[in-house]
Visitor: 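So that we are looking at the same thing, I have put the structure below in structure tokens.
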Amino acid sequence: MSVSASPAPPRTGEAGLPPRSTSGERMALSAVLLGFFTIMVDAMIVNVALPSIGRGFGTGMTGLQWVVDGYTLAFAAFLLSAGAISDRVGARQAFAVGLALFVAASAVCGLAPDLGVLVAARLVQGAGAAMVVPSSLALLRETFPDPAARARAIALWGVSGSVGAAAGPVAGGLLTLIDWRMIFFVNLPVGAVALALLGRARPSPRRQVPFDWAGQVAAVATMGALTYAVIEAGADGFGAAQALTAFAVAVVAAVVYLIAQARGLHPMTPLSLLRSRTMSLSVAIGFALNVGFYGMIFLLGLYLQQVHGLSALATGAAFLPMTVLTSFMGPVAARLTVRLGARMPVSTGQSLMAVGLLAMVAVPGGAPIWLSVVLMVPVGAGGAMAVTALTALLLESVPAERAGVAGGVLNAARQLGGALAVAVFGALVADRTGFVAGLHTSLLIAASTVAASVVATWLLKPVRRAQ
């Protein structure tokens with residue numbers, strides 16, 4: 001960009017405001033990438049530390065499932081309204097509040113005196129993370145109005161999230177070597193830097209968007225009761241009174257949620273949005289992808305330590321090859337999406353995941369560790385490719401004013417898939433004497449779910465190609 005000798009009068013953008021400076025764009029993008037990376041690391045970082053947490057608090061599989069699912073469940077439940085809140089208060093402001101809440105809850109997690117406090121703080125962490133995700137997408141959309149620039153920014157966003165999720169086990173192994181509490185304390189300085197960068201970005205415009213209290217309460221009740229029911233059923237059987245009651249609550253809450261969205265004046269998830277074929281299929285595909293990826297990370301973190309006897313550090317190192325390759329897949333997926341449309345990179349990524357998961361099913365319990373390490377690579381790389389392309393497709397298919405809501409719905413489906421995967425698979429491997437059999441059954445379920453979603457991918461409409 002050339003610089004004239006005398007300053008030119010400021011141009012005006014939307015609502016008569018001057019356009020963002022290049023510095024402001026860089027600051028906003030840097031804050032978004034760092035913040036999103038941090039919350040995605042936290043979604044995965046605890047998996048390697050679970051045995052250490054279990055020993056520290058004297059808890060079994062059910063307690064450990066809640067340490068993981070407390071985060072992902074709140075993440076999923078509050079993502080739905082977080083999109084509307086982001087639109088109402090402004091993307092940058094919502095991002096700052098969510099990240100600050102996440103950092104504060106991280107400090108409580110690190111200081112937790114017992115399992116109950118840890119799980120409660122993980123719930124708050126998830127609520128803060130839920131605010132970050134849709135606001136980060138909306139912030140990118142308004143910061144980069146040009147489709148090509150936005151596609152590159154979204155590609156970097158996808159890379160930061162995918163690398164964060166894949167790097168979580170590696171970071172967990174390193175930090176657990178010191179103390180498992182460090183996996184939470186590390187969020188404090190990183191979050192502080194992201195908030196400082198965000199302070200240099202321009203405030204976002206606000207829109208009058210009423211809050212859907214009935215829908216939000218019903219969504220939390222549905223997801224919470226369903227996850228609780230699955231975990232309790234795994235521990236006590238599907239005929240247990242607690243499990244049956246929780247399932248009943250989940251069904252009733254789901255009905256209330258649908259009625260609230262259909263009849264409410266200001267629903268947080270307009271059913272008209274879900275009637276879009278691209279939106280509904282993207283939600284189903286996102287759910288399946290996280291069943292495969294989150295399920296694998298949870299299972300392999302336990303498998304390498306409980307069956308092979310690896311330390312937390314060695315277990316984290318086992319995830320390193322997958323992490324390295326995953327970091328390259330986002331830009332590749334973005335370029336492929338621009339040239340060929342979204343269906344090819346999404347279906348290719350799904351296929352890689354399904355093949356890797358199916359291959360793991362055939363691995364016997366006494367197989368060398370390097371075989372599991374190799375088979376993790378297509379799962380992680382395929383997931384990163386599919387998520388990046390899927391997100392770009394979704395944001396191109398919705399109006400700008402729906403970007404926050406659409407991003408919230410997609411990521412809520414993904415997090416719910418991960419939460420249910422941990423709940424179901426944790427129940428299948430809870431008996432240590434039958435751990436390997438439960439592991440193989442879980443991986444087969446994950447592979448089948450991802451493989452089935454490939455069919456849905458080919459029903460997606462082609463994305464517009466950037467000029």
Visitor: Examine distances only and state if a side-chain atom of Gln261 and a backbone atom of Pro267 form a donor-acceptor pair shorter than 3.5 Å.
Guide: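 No.
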Visitor: Considering residues at least two apart in sequence or located in another chain, which fulfil the side-chain hydrogen bond (donor to acceptor under 3.5 Å, both in side chains) criterion with Trp66?
Guide: none
Visitor: Between Phe425 and Ile445, is the side-chain contact (heavy atoms from CB on, under 4.5 Å) condition met? List the steps.
Guide: CA-CA 9 Å; Phe425 300 164; Ile445 294 172; 4.1 Å; yes
Visitor: Do any pairs count as a salt bridge (charged side-chain N to carboxylate O under 4.0 Å, His left out) and have a residue in residues 107-128, sequence neighbours left out, and if so which ones?
Guide: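 Qualifying pairs: Asp42-Arg122.
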Visitor: I need the minimum non-hydrogen distance between Ser372 and Tyr303, along with the two atoms involved.
Guide: OG-CE2, 3.8 Å
Visitor: Sequence neighbours left out, what pairs pass side-chain hydrogen bond (donor to acceptor under 3.5 Å, both in side chains) with at least one residue falling in residues 96-107?
Guide: Ser106-Gln125, Ser106-Asn187
Visitor: With distance as the sole test, does Thr245 use its side chain to make a donor-acceptor pair with the main-chain N or O of Gln242 at under 3.5 Å?
Guide: no
Visitor: Any pair with a residue in residues 442-456 that passes side-chain hydrogen bond (donor to acceptor under 3.5 Å, both in side chains), sequence neighbours left out, goes on the list, sorted by first then second residue, please.
Guide: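 Counting only pairs at least two positions apart or across chains, the side-chain hydrogen bond (donor to acceptor under 3.5 Å, both in side chains) contacts touching residues 442-456 are Gln350-Ser453.
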Visitor: Check whether Thr176 reaches the backbone of Gly173 with its side chain - one donor and one acceptor, N or O, closer than 3.5 Å.
Guide: no
Visitor: Among all residues two or more places apart in sequence or in another chain, which pass the ring-ring contact (aromatic ring centres under 6.0 Å, His included) test with Tyr71?
Guide: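 Phe75.
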Visitor: Measure centre to centre between the rings of Phe185 and Trp180, then say whether the value is under 6.0 Å.
Guide: no
Visitor: Return yes if some donor-acceptor pair links the side-chain N/O of Ser280 with the main-chain N/O of Arg277 below 3.5 Å, else return no.
Guide: yes
Visitor: His440 side chain to Val363 main-chain N or O, any donor-acceptor pair under 3.5 Å?
Guide: yes
Visitor: Compare every heavy atom of Ala359 with every heavy atom of Leu375, then report the nearest pair and how far apart it is.
Guide: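 Of all heavy-atom pairs spanning Leu375 and Ala359, the closest is CD2-CB, 3.6 Å.
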Visitor: What side-chain hydrogen bond (donor to acceptor under 3.5 Å, both in side chains) pairs are there with at least one residue in residues 412-428, not counting sequence neighbours?
Guide: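 The answer is Asn290-Arg414, Tyr294-Gln415, Asn411-Arg414.
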